[in-house]
There are 2 protein chains.
Amino acid sequence: MMDEHTIRQLTRLDRTIHEPARLAILMTLLGVEEADFPFLVRITGLTRGNLSVHLSRLEQAGYVEIQKTFVGKKPRTVARLTEQGRERLETYLHTLQRLSSVNRDA
Amino acid sequence: MMDEHTIRQLTRLDRTIHEPARLAILMTLLGVEEADFPFLVRITGLTRGNLSVHLSRLEQAGYVEIQKTFVGKKPRTVARLTEQGRERLETYLHTLQRLSSVNRDA
């Protein structure tokens with residue numbers, strides 16, 4: 001069986017990251033310098049409304065930075081991971097890694 | 001970056017399993033034939049009330065079987081993974097494994 005410590009860590013997972021839509025956004029941002037709104041919609045498959053809500057939540061948590069600029073008269077929204085967001089995501093992924101590599105024949 | 005397919009899978013993760021408390025219960029059951037209520041309380045660190053609620057939810061989903069018996073006059077509740085529960089958990093862990101082993105220097 002998994003050790004007790006690892007199992008208890010599961011009940012303390014960072015829920016800001018653990019939410020599936022936000023996890024999809026963060027994993028997208030992990031691999032790129034920055035991503036604009038249409039790109040995030042395309043990769044995650046989220047609706048624009050959902051994406052917007054979850055990006056705001058990630059921004060409030062300090063995990064993502066959002067920049068709104070204009071390209072000509074067209075607004076452009078760009079998101080990137082903050083240093084804190086990257087660290088928390090790494091910690092989260094580390095816990096998942098231990099979880100998913102557990103010996104399932106135990 | 002992670003491939004689009006894997007990222008979209010994240011937004012479709014099995015939410016019955018994904019909830020941290022339920023994940024802790026399932027990971028405990030994965031490693032044992034069966035577990036009684038006090039054992040699950042001890043390993044997961046959940047309150048008795050919370051454990052009860054989440055076990056019912058897992059039973060309703062068909063992922064866990066619950067047996068209530070008596071030892072003398074004392075009720076005893078025992079939980080075990082069903083075949084379906086085991087399969088769904090394996091699928092879930094497989095997705096997590098791909099997620100957490102992503103090349104983070106990409």
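To find a chain, count down the sequence lines: A is the first, B the second, and so on, and within it residues start at 1.
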As an exercise, state the distance from [atom1] of [X] to [atom2] of [Y], rounded to the nearest 0.5 Å.
X: B:L10; Y: A:R22; atom1: CG; atom2: CZ; answer: 13.5 Å
X: A:R98; Y: B:L96; atom1: CZ; atom2: CG; answer: 13.5 Å
X: B:I7; Y: A:L40; atom1: CD1; atom2: CG; answer: 9.0 Å

*Consider only side-chain heavy atoms of I, L, V, M, F, W and Y, link residues closer than 4.5 Å, and tell whether A:I66 and A:V78 are in one cluster.*
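A:I66 and A:V78: separate clusters.
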*Given the rule that I, L, V, M, F, W and Y join up when any side-chain heavy atoms are under 4.5 Å apart, are B:L51 and B:V53 in one cluster?*
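No, B:L51 does not connect to B:V53 through the hydrophobic network.
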*Mark yes when over 12 heavy atoms from residues, nucleotides or ligands other than B:R8 sit less than 6.0 Å from its CZ; otherwise mark no.*
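Check passes, neighbour count above 12.
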_Contact origin within A:L46 toward chain B - heavy atom pairs under 4.5 Å_ =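 Side chain only.
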*asked:* Using heavy-atom distances under 4.5 Å, tell me whether A:R42 contacts chain B through its side chain, its backbone, both, or neither.
replied: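 Both backbone and side chain.
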*Kindly give the heavy-atom pair with the smallest separation between A:T11 and B:A24, and that separation in Å.*
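Closest pair (atom of A:T11, atom of B:A24, distance): CG2-CB, 3.7 Å.
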*Based on non-hydrogen pairs under 4.5 Å, which of B:I25, B:L23, B:L13 is most in contact with chain A?*
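Top option by heavy-atom pairs under 4.5 Å: B:L23.
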